[in-house]
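Inspection log for the structure reproduced underneath, given as structure tokens.
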Number of protein chains: 2
Amino acid sequence: MVTIRDVAKKSGVSVATVSRVLNANGYVHEDTRKKVMAAVAELKYSPNEVARSLYKKKSKLVGLLLPDITNPFFPQLARGVEDEMQKGGYRILFGNSDENAEKELDYLNTFIQNNVVGIISATNNKAKNNYKNLSIPVVFLDRTSSDYPSVYADGKEGGRIAAQEIVERGSKRITILKGPAHIQPAQDRFQGALEVLSQSNIDFHVMSTTSFAFEDAEKWAKELFATYPDTDGVLASNDIVATAVLHEALRLGKSIPKELQIIGFDDVPQSSLLFPSLSTIRQPAYEMGKEAAQLLVKIINQEKIQQQQVQLPVTFIDRNTTRKVDTNG
Amino acid sequence: MVTIRDVAKKSGVSVATVSRVLNANGYVHEDTRKKVMAAVAELKYSPNEVARSLYKKKSKLVGLLLPDITNPFFPQLARGVEDEMQKGGYRILFGNSDENAEKELDYLNTFIQNNVVGIISATNNKAKNNYKNLSIPVVFLDRTSSDYPSVYADGKEGGRIAAQEIVERGSKRITILKGPAHIQPAQDRFQGALEVLSQSNIDFHVMSTTSFAFEDAEKWAKELFATYPDTDGVLASNDIVATAVLHEALRLGKSIPKELQIIGFDDVPQSSLLFPSLSTIRQPAYEMGKEAAQLLVKIINQEKIQQQQVQLPVTFIDRNTTRKVDTNG
DNA sequence: CTTAAATGTGTAAACGGTTACATATCGGTT
DNA sequence: AACCGATATGTAACCGTTTACACATTTAAG
């Protein structure tokens with residue numbers, strides 16, 4: 001391993017001077033700068049970030065904690081974070097929490113131990129006090145929070161839009177699939193839908209679900225049609241659940257969207273590939289990741305931030321599990 | 001920040017002794033061990049990995065380089081790697097290369113600068129000499145290599161199986177979609193299929209494609225049916241491309257699998273959710289990730305390894321874009 | 001021409017751990 | 001009682017950087 005000392009020796013200056021040219025810090029004569037750069041090139045020297053990090057008590061690393069990269073909503077988020085962080089020269093220390101408080105804490109610890117400059121967390125459990133005594137900035141992603149910086153989509157509004165659209169398109173007996181109680185965004189969606197539906201004169205049911213795994217979703221889909229066979233509209237808690245409902249409905253020979261309309265949530269990439277393609281409420285996952293990264297970088301750089309909370313808009317994606325709206329009213 | 005010195009002071013011993021109890025190293029009296037542990041608990045001390053890493057010239061970090069986490073094949077791989085690494089106490093430094101040699105080199109550099117103990121790379125460009133002078137172990141994932149440890153699925157065999165199955169099920173005019181030339185696994189699949197088809201007396205065409213992006217795939221799908229309208233069997237280079245072909249075929253009103261059979265590659269999670277669900281050659285992505293992680297850990301620990309190359313088997317997943325095989329021969 | 005400020009460079013002390021080496025005590029064997 | 005290995009602990013060097021401080025030289029101002 002070639003160190004700063006080797007460079008110093010080769011260029012005939014002290015390590016301090018080498019350090020100064022590398023960091024464009026303090027005074028250094030142009031001639032010596034050139035000599036040093038030449039030595040750097042010749043020796044293919046690149047500074048040891050670990051040593052740097054130790055002295056400065058700051059690395060160029062940020063921690064990214066996601067519930068599960070295998071859930072198709074998260075790769076987009078992660079990519080947004082990564083692309084943006086890369087620009088600022090930051091690297092990603094990555095972990096999956098499985099929404100498990102212990103795992104989460106474990107990761108948080110190792111993030112700290114590795115001197116990360118900041119953390120982006122998209123986890124949703126109540127173990128908020130895991131974050132209480134952190135000395136470094138955290139931004140929450142896909143998760144509302146009034147006391148921390150956070151970036152999220154307008155879930156409640158999404159729920160409202162979904163309900164409005166499905167009603168407008170003629171569903172009369174709607175079932176809302178309420179997502180897991182501990183996942184805040186799922187609750188927001190539910191509240192939005194509830195708000196609209198309860199103010200209408202439409203019959204509706206609420207079914208609670210406890211995970212976002214496809215295998216579980218298949219069971220609830222079956223249960224849904226067993227319990228409420230005359231449902232003609234489903235507001236699903238996300239696209240995975242919507243997909244399971246779609247499958248079960250097709251299996252039962254229901255005609256979609258004629259007899260049954262379905263609206264998902266997220267607009268995961270595969271939703272447009274389903275048949276019929278899934279109407280859904282789109283969250284701009286990639287942009288959310290980018291926003292979170294930008295916000296964190298600003299905080300790290302101690303820039304003034306106007307808004308600690310960044311709420312991104314949500315849009316209805318009108319595909320083929322909903323009917324075309326009757327423009328004659 | 002509480003350091004080892006604080007713990008030493010609180011427990012009335014030297015830092016060396018504290019270090020010894022923390023690492024269960026050398027002799028330490030049971031009574032002092034208890035005193036130290038008490039101080040550790042009271043101060044909530046946890047050692048600074050950066051300092052440790054600097055002295056030992058070894059961190060608990062491994063670098064993971066993927067082409068693009070947004071491609072649905074990779075989250076599974078990543079999760080396999082992460083789960084396995086987590087067990088050994090290793091953390092993941094993560095990057096997307098976009099198959100771009102410059103980005104790849106950039107990440108490799110920062111991995112090194114951060115003292116990672118090993119690297120897992122799933123990239124496919126020819127910039128192999130990026131890895132030539134690395135002083136730390138690398139294992140390649142989803143990529144064959146005779147000179148480096150690597151974990152991959154048997155792509156050639158997969159190509160053979162796909163060709164055999166589609167022929168056995170009665171396709172007579174087959175089009176092979178050959179994946180990007182620089183992606184080795186795609187070429188292996190192609191070679192396997194080619195081998196079987198050229199030994200048969202079946203008509204077939206080969207169409208070259210240059211990426212795995214869905215938007216591009218849609219174009220090739222259109223081109224495919226424009227150029228070879230009487231194709232009755234498609235061997236796609238992966239599930240994304242197969243999905244695009246499936247979509248285009250449905251749009252053209254083709255009956256699947258009656259008029260047209262399609263076989264994909266990878267068995268990405270969404271493939272079972274398509275309609276009709278996609279027959280495909282399954283690569284055990286999660287297991288591949290785990291295997292790669294296990295192999296890397298063994299190399300790090302200097303354990304004897306029997307096989308530098310780990311080839312995992314590939315299986316045909318018989319869904320609904322292929323006909324049922326005629327058991328009467 | 002004198003002097004202060006600006007420029008240029010080196011020495012050594014941090015950063016927070018680990019460990020080689022030195023030293024001291026303990027327990028068991030002859 | 002003398003001796004030796006095992007046990008127990010402390011001191012200080014080291015890992016590769018950055019930077020405070022000291023010092024020397026150049027430049028600009030009066």
Side-chain angles (χ1 to χ4, degrees), chain A residues 1-37 39-40 43-61 89 109-117 135-136, chain B residues 1-37 39-40 43-61 89 109-117 135-136:
Chain A
M1 174 184 254
V2 25
T3 77
I4 198 171
R5 246 163 278 273
D6 301 321
V7 177
K9 187 172 291 177
K10 169 140 256 160
S11 43
V13 300
S14 75
V15 292
T17 299
V18 176
S19 177
R20 276 189 281 256
V21 348
L22 289 169
N23 298 289
N25 237 350
Y27 295 113
V28 82
H29 196 277
E30 181 57 22
D31 294 351
T32 53
R33 207 189 66 80
K34 277 182 184 152
K35 268 192 306 186
V36 170
M37 290 312 280
V40 165
L43 297 173
K44 289 194 177 44
Y45 167 75
S46 84
N48 181 325
E49 276 299 327
V50 176
R52 212 173 239 182
S53 170
L54 177 61
Y55 183 86
K56 305 250 247 170
K57 302 188 178 188
K58 268 191 180 211
S59 68
K60 291 295 268 179
L61 264 27
N109 269 337
T110 59
F111 287 167
I112 298 296
Q113 290 177 343
N114 282 285
N115 263 4
V116 300
V117 267
S135 50
I136 56 167
Chain B
M1 177 182 253
V2 24
T3 77
I4 198 172
R5 252 161 273 273
D6 301 321
V7 177
K9 187 172 290 178
K10 169 140 256 156
S11 44
V13 299
S14 74
V15 293
T17 300
V18 176
S19 177
R20 277 189 280 256
V21 348
L22 289 169
N23 298 289
N25 238 350
Y27 294 112
V28 86
H29 196 278
E30 180 58 19
D31 294 351
T32 54
R33 207 188 66 81
K34 277 182 184 151
K35 268 193 306 184
V36 169
M37 290 312 280
V40 165
L43 297 173
K44 290 191 176 45
Y45 168 76
S46 84
N48 181 326
E49 276 299 329
V50 176
R52 212 172 239 182
S53 169
L54 178 60
Y55 183 86
K56 304 250 245 169
K57 301 188 177 189
K58 268 191 182 211
S59 68
K60 290 297 267 182
L61 264 27
N109 269 336
T110 59
F111 287 168
I112 299 295
Q113 289 177 344
N114 282 285
N115 263 4
V116 300
V117 267
S135 51
I136 55 167

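Chain A is the first sequence line, chain B the second, and so forth, proteins listed ahead of strands; every chain is numbered from 1.
Phosphate contact (OP1/OP2 of dG16(D), side-chain N/O of T3(A), threshold under 4.0 Å): absent. The side chain of N48(B) contributes no N or O atom lying less than 4.0 Å from OP1 or OP2 of dC15(C). Applying the 4.0 Å criterion to OP1 and OP2 of dT18(C), one finds that N25(B) has every side-chain N and O outside that range. In this model, the phosphate group of dG16(D) is approached by a side-chain N or O of K57(B) to a distance below 4.0 Å at OP1 or OP2.
No hydrogens or angles considered: nothing links the side chains of T110(B) and E49(A) as a donor-acceptor pair under 3.5 Å.
Remark on DNA chain D: of its neighbouring residues L22(A) and V15(B), the 5'-side contact belongs to V15(B), judged by nearest-heavy-atom nucleotide. For V50(A) and K56(A), each mapped to the nucleotide of DNA chain D holding its nearest heavy atom, the one lying further toward the 5' end belongs to V50(A).
Regarding M1(B), its CE atom lies at a distance of 15 Å from the C1' atom of dA14(C), rounded to whole Å. The distance from atom CZ of R5(A) to atom C1' of dT17(D) is 8 Å, rounded to the nearest whole Å. We find that OH of Y55(A) is positioned 17 Å from P of dG17(C), with the value rounded to whole Å. With rounding to whole Å, D6(B) atom CG is found 10 Å from dG16(C) atom C1'. Atom P of nucleotide dT26(D) and atom CG of D31(A) are separated by 13 Å, given to the nearest angstrom. The CG-P distance, from N115(B) to dT17(D), rounds to 10 Å in whole Å. The nearest whole Å value for the distance from the NZ atom in K58(B) to the C1' atom in dG17(C) is 17 Å. Going from atom CD1 of I4(B) over to atom P of dT11(D) covers 14 Å, rounded to whole Å.
The distance from atom CE of M1(A) to atom NZ of K57(B), rounded to the nearest 0.5 Å, is 6.5 Å. Between atom OG of residue S46(A) and atom CD1 of residue I4(A) there is a gap of 11.5 Å, rounded to the nearest 0.5 Å. In this structure, the separation between CD1 on I112(B) and CG on N48(A) is 11.0 Å, given to the nearest 0.5 Å.
Among all heavy-atom pairs drawn from T3(B) and Y45(B), the shortest one is C-CE1, 3.5 Å.
Comparing dG17(C), dT17(D), dG16(C) by their closest approach to the side chain of Y45(B) singles out dG17(C). Comparing atom distances between the S19(B) side chain and each of dT18(C), dG10(C), dT17(D) picks out dT18(C) as nearest.
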Please write out each protein N/O paired with an N/O of nucleotides 5-9 of chain C under 3.5 Å, distance rounded to 0.1 Å.
residue: dT7(C); atom: OP2; partner: Y27(A); partner atom: OH; Å: 2.6
residue: dT9(C); atom: OP2; partner: H29(A); partner atom: N; Å: 2.8
residue: dT9(C); atom: OP2; partner: T32(A); partner atom: OG1; Å: 2.8

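Checked by atom type and distance alone, the side chain of S59(A) pairs as donor or acceptor with a backbone atom of N115(A) at under 3.5 Å.
Each of K35(B), R33(B), H29(B) was compared with D31(B) under the side-chain contact (heavy atoms from CB on, under 4.5 Å) criterion, and only H29(B) meets it.
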